[in-house]
Amino acid sequence: MDSLIEIEHLIKIFPPNVVALDDVSVDFRKGEIHAIVGENGAGKSTLMKVLYGMHSADSGELRYHGKTVRFAAPGDAIQAGIGMVHQEILLVNEYTVWENVVLGQEPAGFFGRIDHGAARRIVTEKIHEFGFNLDADARVSELSVAARQKVEILKLLYRDVSFLILDEPTAVLTPQEIPQLFDELRRLRDNGHTIAFISHHLDEVLELSDRITVLRKGRKIATIPTAETTKSALAELMVGREVVFKPIKDNVPAGDIVFDLNGVNLKASNGKDLLRDVSIQVRASEIVGIAGVEGNGQLELVSVLTGLQRPDSGSLKIHGQELMDSSILDRRRRMSFVSQDRSRMGGCLTASIMENMLMTHHRLRSTFTAGGGILIDDQKAAAFAEDACRRFDVTYATIQAPFRSLSGGNQQKVILGRELTLDTPFVLLDQPTRGLDVGSIEYVHHQIMELSRAHRAILIFSADLEELFRITDRILVLHRGKIVADLETERTNIGEVGSWMLEGAKSDA
Amino acid sequence: MRKSLIVNLSGILSAFLICGVVMQLQGYPAIESYAALFNQSVGSSYAFLTVLKNSIPLVLTGLSASVAFSSGPVNLGQPGQFLIGGLFATIGGLFVELPAPLMIPFMLMLAMIGGALWSFLAAIMKQLFDMDEYITTLMLNMIADLFTYWAISYPFFETGATFPQTPKIVKSGWMPSIGKFNSGIIVMLLAFIVVWFIYYRTTAGYEWRMTGQNPTFARLGGVPTRRNYLIIMLVTGALAGLAGGLVVMTGPRRFIKGIGANYAWDGIMVSMVANNNLFATLLYGIFFSTLETGSLGMELFTKVPSEMVTVLKAIIVLVVMAGRGSLEVLIRNWMTRQKMKARAEG
């Protein structure tokens with residue numbers, strides 16, 4: 001088969017410590033739809049960004065039409081015929097479709113004037129050629145998200161891009177809009193275009209692609225023809241843990257209801273349902289897991305719980321206290337929160353370890369403040385932070401060292417130390433072991449067990465099913481913004497949860 | 001800490017070198033010119049006290065910018081807040097007369113209220129209408145400029161003057177001098193200490209610093225970022241206003257057209273070259289004032305136009321800031337190579 005692009009032994013490092021791509025080799029054939037799948041942090045986006053000239057590789061080779069190339073910037077890649085459609089859409093709202101498409105590469109008329117007639121004609125021809133259901137004269141501000149996405153694709157086609165990269169194109173679409181996008185992508189392929197697309201939804205991948213590449217933790221696991229694989233085989237390749245975890249949950253009898261979320265609804269501005277009537281109860285000592293394929297409402301649900309986002313309706317009670325209209329600080333009196341994003345939400349990379357440890361405590365407890373909470377006593381604060389670091393087994397140089405100097409596992413331990421020493425009845429954990437090595441994962445799991453013994457109510461979001469089976473009492477499945485299943489961990493199995501996750505229904509297989 | 005010292009010192013040295021070459025090319029003797037520059041600024045205690053006095057508006061507006069930028073709000077309204085602060089102090093000094101121990105604090109307070117009022121306008125527009133402060137503060141600068149021009153041309157105009165200015169303020173409102181030492185310097189240092197203490201020793205300062213570095217982290221940690229935003233805008237506005245009041249009370253003792261000069265913009269430049277570090281802001285403020293003050297002497301003795309110092313300042317800012325960025329890149333590349341090596345070995 002003739003390969004359009006061959007990637008050989010690609011390595012990409014994000015200093016200090018992250019190997020985002022670890023010796024990855026993939027080839028893309030002319031005229032195929034090639035899906036890239038993997039858990040978050042597997043390196044999908046990084047791979048595409050190297051291909052597209054946004055990142056430079058630290059080692060390895062990129063061959064295009066058999067020749068070694070190196071793109072210094074996205075502009076070079078587009079010139080060579082490689083373009084990317086990003087998740088966030090970047091268009092000028094006040095311009096019409098054709099104006100947006102030609103922007104930056106306008107057909108010139110006399111004296112360098114833009115030849116409006118020609119521009120409009122060319123864009124209209126492209127729309128017909130590829131069978132896009134678009135009006136070249138429509139203003140972008142009046143278009144749906146799906147139509148805007150088409151304009152983004154059209155921009156690349158206008159620039160004669162023959163290799164299109166799509167980063168989770170379905171994430172912003174409503175279910176009804178997806179088939180049309182797929183039809184258009186198939187038509188492009190049949191026209192000789194090559195398409196690489198990133199997706200979390202395995203059913204979409206199986207429906208659309210010709211071949212599939214699976215990445216895990218920066219390494220390529222496999223490239224397989226779609227016809228030769230199944231959803232469960234793919235899922236295993238994606239997640240596949242070498243270590244099999246045994247359940248470590250001990251039987252602490254559950255107490256009263258601590259956390260009570262009721263009837264939460266949230267719609268996106270385009271009318272897409274993000275959360276549909278979500279209700280969750282967690283009792284004291286109980287560990288409840290939320291499973292689901294990424295992008296099924298987890299992000300939104302966490303935002304609603306933490307108070308970053310206000311739902312359209314619904315109530316949130318902890319120990320009977322209504323909190324949906326409360327400030328974040330009021331919620332945090334009753335809620336510990338470990339976020340999945342250590343650098344953006346969980347911690348502050350440029351601040352010191354100590355400063356990271358003080359957050360929230362500085363308002364809620366007075367062990368290191370003076371003058372009625374107005375002053376921070378540096379020595380006491382350092383002692384408090386060092387003590388927490390010791391209890392949570394953090395390896396660090398000095399307490400004043402920047403947070404970013406710590407490894408991922410140690411950063412997570414600092415965050416856990418900060419959050420779990422808050423004396424709260426409810427603990428919200430959003431992928432607490434994401435990106436950690438096996439030893440750190442083990443450690444985090446044992447900490448969660450401790451919480452359960454201390455009669456705290458725990459809600460944990462995880463993309464890792466084995467993790468949920470190891471530590472939870474109940475597993476709820478989130479599918480397209482709705483809780484579709486409430487399963488007792490002891491009475492279910494990975495296969496059952498997996499089919500709820502992927503299809504939103506119980507399968508007989 | 002040592003890293004930033006190296007970046008700053010080597011940056012300043014290379015800027016002097018570059019500027020020296022420029023002077024030589026223009027036919028001015030570089031070494032003699034620099035000698036005159038420093039002789040006229042730090043060569044005598046007399047000269048240095050002048051440097052300190054001239055540094056007051058630079059340091060205070062610089063502090064205002066540093067605190068704002070490193071806490072989140074992009075307050076670029078120091079020029080306007082400076083003018084309104086100066087005008088408020090002047091009006092107090094025209095219509096109220098108290099004994100000096102009361103009069104001076106009273107006028108300084110008015111100056112701070114004036115500056116804070118002006119930044120409050122921008123802050124409230126942000127909170128009510130979501131208008132970005134870096135636009136509104138800039139726009140308010142123009143309004144302040146023309147408004148004070150109007151105020152000193154009409155309602156507070158000194159009858160019979162040939163130039164837009166107010167009458168002199170009462171004598172008890174003049175900042176007293178002991179020899180060449182102007183007590184405005186004490187006010188500046190006090191303000192620095194207070195701001196430094198708030199920023200590094202209080203819960204509020206902790207919250208500001210965290211919000212400036214990672215607003216999402218701070219918000220999720222329960223920091224009332226909206227309320228803090230308002231407070232930071234008020235504090236930084238008050239600092240710039242204080243600078244305006246002090247310039248009125250140490251200098252012409254009246255509000256005169258063009259009193260704001262370029263102080264506030266220079267202050268913003270100081271905060272940028274100091275990378276928003278408060279102590280570095282103080283040092284750079286004094287250093288830039290040294291150059292500014294010495295340049296007049298240099299012009300007198302060597303015929304090098306004093307504008308040369310503007311060139312020198314600009315080169316310092318460029319070299320230091322570029323040096324900071326490229327050092328980061330060098331360190332990152334080095335770390336990448338280390339990681340590659342570690343990977344190759346196992």
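Residue numbering restarts at 1 for every chain, and letters A, B, ... go by the order of the sequence lines. Basis for what follows: all heavy atoms, side chains included, without hydrogens, waters or symmetry-related copies. Computed from a predicted structure; not experimentally measured.
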Do you know which of [options] has the most heavy-atom pairs with chain B at a distance under 4.5 angstrom?
{"options": "A:Thr306, A:Leu358, A:Leu349", "answer": "A:Leu358"}
{"options": "A:Glu419, A:Met345, A:His361", "answer": "A:Met345"}
{"options": "A:Leu308, A:Thr369, A:Asp378", "answer": "A:Leu308"}

| task | Sort B:Arg337 into side chain, backbone, both or neither according to what part of it lies under 4.5 angstrom from a heavy atom of chain A. | result |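 Contact with chain A: none, neither part.
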
| remark: Cut-off 4.5 Å, heavy atoms of chain A, and the answer for B:Gln338 is neither

Heavy-atom contact with chain B under 4.5 Å, split by part of [X]:
{"X": "A:Arg344", "value": "both"}
{"X": "A:Ile11", "value": "side chain"}
{"X": "A:Asp377", "value": "neither"}
{"X": "A:Ser343", "value": "backbone"}
{"X": "A:Arg331", "value": "neither"}

| task | For each of B:Tyr206, B:Trp334, B:Tyr200, tally heavy-atom pairs with chain A at distances under 4.5 Å, and name the one with the top tally. | result |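 Sorted descending by pairs with chain A, the first entry is B:Tyr206.
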
| task | May I have the step-by-step check of side chain to side chain donor-acceptor pair (under 3.5 Å) for B:Thr336 and A:Asp58, ending in yes or no? | result | CA-CA 8 Å; B:Thr336 304; A:Asp58 292 313; 5.1 Å; no

| query | Under the criterion side chain to side chain contact (heavy atoms under 4.5 Å, CB included), which of A:Ile460, A:Leu422, A:Ile458, A:Leu459 is the partner of A:Val427? | reply |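 The passing option is A:Ile458.
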
| Residue by residue, which of residues 123-139 of chain B have a heavy atom closer than 4.5 Å to a heavy atom belonging to chain A? | none

| query | Between A:Arg310 and A:Asp325, is there a salt bridge with N-O shorter than 4.0 Å? | reply | yes

